[in-house]
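What follows is a set of notes on a single structure, which appears directly below.
Please read these numbers as outputs of a predicted model, since none were measured by experiment.
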Amino acid sequence: MPELPEVETIKNGLGILLPGKIIKSIESDWPKGFPNLETDIEQFLVGAKIVKVTRRAKMLIITLDTGYSLVFHLKMTGQLVFRGKKHFGAGHPGDSLIGPLPDKSTRVIITFKQDQEKLFFNDQRKFGWVRLIPTAEIDKVDFIQKLGPEPLSTSFTAEQLAGRLRRRAHSSIKAALLDQTMLAGVGNIYADESLWAARIHPATLVSKLSQRKIYQLFCDIQNVLRLAIKEGGSTDRNYVDAQGYGGGYLNVAKVFRKENTPCPRCGSTIIKIRVAGRGTHLCPKCQKEIK
DNA sequence: CACTTGACCTGTCCGC
DNA sequence: TGCGGACAGGTCAAGT
């Protein structure tokens, strides 16, 4: 569920909270999710200072001053939440910590030197992971290097989208949008929302889309993602931001999880079907499949 | 090679 | 109330 807007929201929060913090200790009993912790903790993590927090696709990157970065993927149920002093200058020595406490889904606990503040990596379903990677090599790691363009990058163009879609000409447009090597950051929620906005049936074959439709989709992907970031992402059940608060996008969503309710555009009943192996929401009247 | 399906996990919800 | 099974959706390996 953490797609681009959710990870961007977490990044914005942690970007204010974490830089300058120094890691005191890391606890984890999750070798599968954090495989190199044992060998690397003393050398590259303890004592490291956080330089910045960034995002690439659905991954969150915490850059350290040791030449290494922690790269997180939250997959479906991951959370990165901070527990610390009051922020934005309101705290002072002696204040108690505020924010989320660890729970049974907490897989990694990073404790900072400053006042024992903590960052929790929670993941109910354990699909997520965190890797320690040399900062200079991040762009060369295969799962980063294979990624498609960032949809909100100023260098991303409709022509670029059309060009990359040609590689997926024989799949459904929904499957193509979910393909992170085609375009980075779009997941199930925003694929459905973007396709509704562009009036494209999710099962439409890419090869059947006109240039005009692709241009419309290009605009709508960006509009939907920007609105979702403004709303702080989508909270269904698991997603929370860096301080543990949910996002509001599902309150303004048009089709996602809106089956059996009226289409906001034409009043027809929104349906839920299965496309590309995913639950898929659409308006059968606004979004006619092109065979 | 292009594309689809199943596995990875755990919690929740539904029907019996 | 308890229990089995479907379902949730990001990604990769395996299968068609």
*asked:* Both distances below 3.5 Å, Watson-Crick or wobble geometry, any strand: find the nucleotide opposite dG9(C).
replied: none
*Hey, could you give me the NZ/CG distance between K104(A) and N122(A), rounded to the nearest 0.5 Å?*
12.5 Å
_Any K75(A) side-chain N or O less than 4.0 Å from OP1/OP2 of dT11(C)_ = no
_Do I10(A) and L74(A) have side chains that approach each other closer than 4.5 Å (heavy atoms only, starting at C-beta)?_
yes
*asked:* Measuring centre to centre across the rings, with the benzene-like ring taken for any Trp, is Y190(A) within less than 6.0 Å of Y249(A)?
replied: yes
*Whole-Å P distance, dT11(C) and dG11(B)*: 22 Å
*Name every residue in residues 161-174 of chain A that has at least one heavy atom under 4.0 Å from any atom of DNA chain B, in order of residue number, or write none if there are no such residues.*
R167(A), R168(A), A169(A), H170(A), S171(A)
*Give the rounded distance in Å between these two atoms: CZ of R56(A) and P of dT11(C).*
12 Å
_Near-ring test F120(A)/F82(A), centroid separation under 6.0 angstrom_ = no
*Separation of D123(A) atom CG from dC9(B) atom P, in whole Å?*
11 Å
*Name the pairing partner of dG15(C), where a pair is Watson-Crick or G-U wobble with both distances under 3.5 Å, or state none.*
dC3(B)
_With a 4.0 Å cut-off on N to O distance, would you call D192(A) and K174(A) a salt bridge?_
yes
*asked:* Less than 4.0 angstrom from a charged side-chain N to a carboxylate O is my criterion; do K140(A) and E137(A) meet it?
replied: no
*Is the shortest side-chain N/O distance from H73(A) to OP1 or OP2 of dG10(C) below 4.0 Å?*
no
_Just the rounded figure in Å: distance from C1' of dG10(C) to CG of D236(A)._
15 Å
*Does a side-chain N or O from Q180(A) land closer than 4.0 Å to OP1 or OP2 of dT11(C), or not?*
yes
*Separation of the P atoms in dC9(B) and dC3(C), to the nearest angstrom*: 24 Å
*Between dG9(C) (P) and Y239(A) (OH): distance, integer Å*: 17 Å
_Work out how far the P atom of dG9(C) is from that of dC14(B), and round it to whole angstrom._
16 Å
*Want to settle it: does K272(A) or F143(A) sit nearer the 5' end of DNA chain C, counting the closest nucleotide to each?*
K272(A)
*How would you label the contact of F256(A) with the nucleic acid (heavy atoms, under 4.0 Å): base, sugar-phosphate, or nothing?*
sugar-phosphate
*What is the distance, rounded to the nearest whole Å, between atom CE of M182(A) and atom P of dA2(B)?*
14 Å
*Rounded to the nearest Å, what distance is computed from the CD1 atom of residue I273(A) to the P atom of nucleotide dC7(C)?*
15 Å
Identify every side-chain donor-acceptor pair in residues 264-274 of chain A under 3.5 Å, counting partners at least two apart or on other chains, and give the distances.
unit_1  : atom_1 : unit_2  : atom_2 : d
R265(A) : NH1    : W196(A) : O      : 3.1
R265(A) : NH2    : W196(A) : O      : 2.8
R274(A) : NH1    : G277(A) : O      : 2.9

*Take atom CG of D103(A) and atom C1' of dG11(B), then tell me their distance rounded to the nearest Å.*
13 Å
_Without decimals, in angstroms, what is the distance between K146(A) NZ and dA13(C) P?_
7 Å
*Starting at NZ of K118(A), measure out to CD1 of I110(A) and round the result to the nearest 0.5 Å.*
11.0 Å
_K104(A), nearest nucleotide to its side chain (from dA8(C), dG10(C), dG11(B))_ = dG11(B)
*From CZ (R257(A)) to CD (E259(A)), nearest 0.5 Å*: 7.5 Å
*Are the aromatic rings of W129(A) and F143(A) close, with centres under 6.0 Å apart?*
yes
Considering only nitrogen or oxygen atoms on both sides, find all protein atoms under 3.5 Å from nucleotides 6-8 of chain B and state each distance.
unit_1 : atom_1 : unit_2 : atom_2 : d
dC8(B) : O3'    : K32(A) : NZ     : 3.2

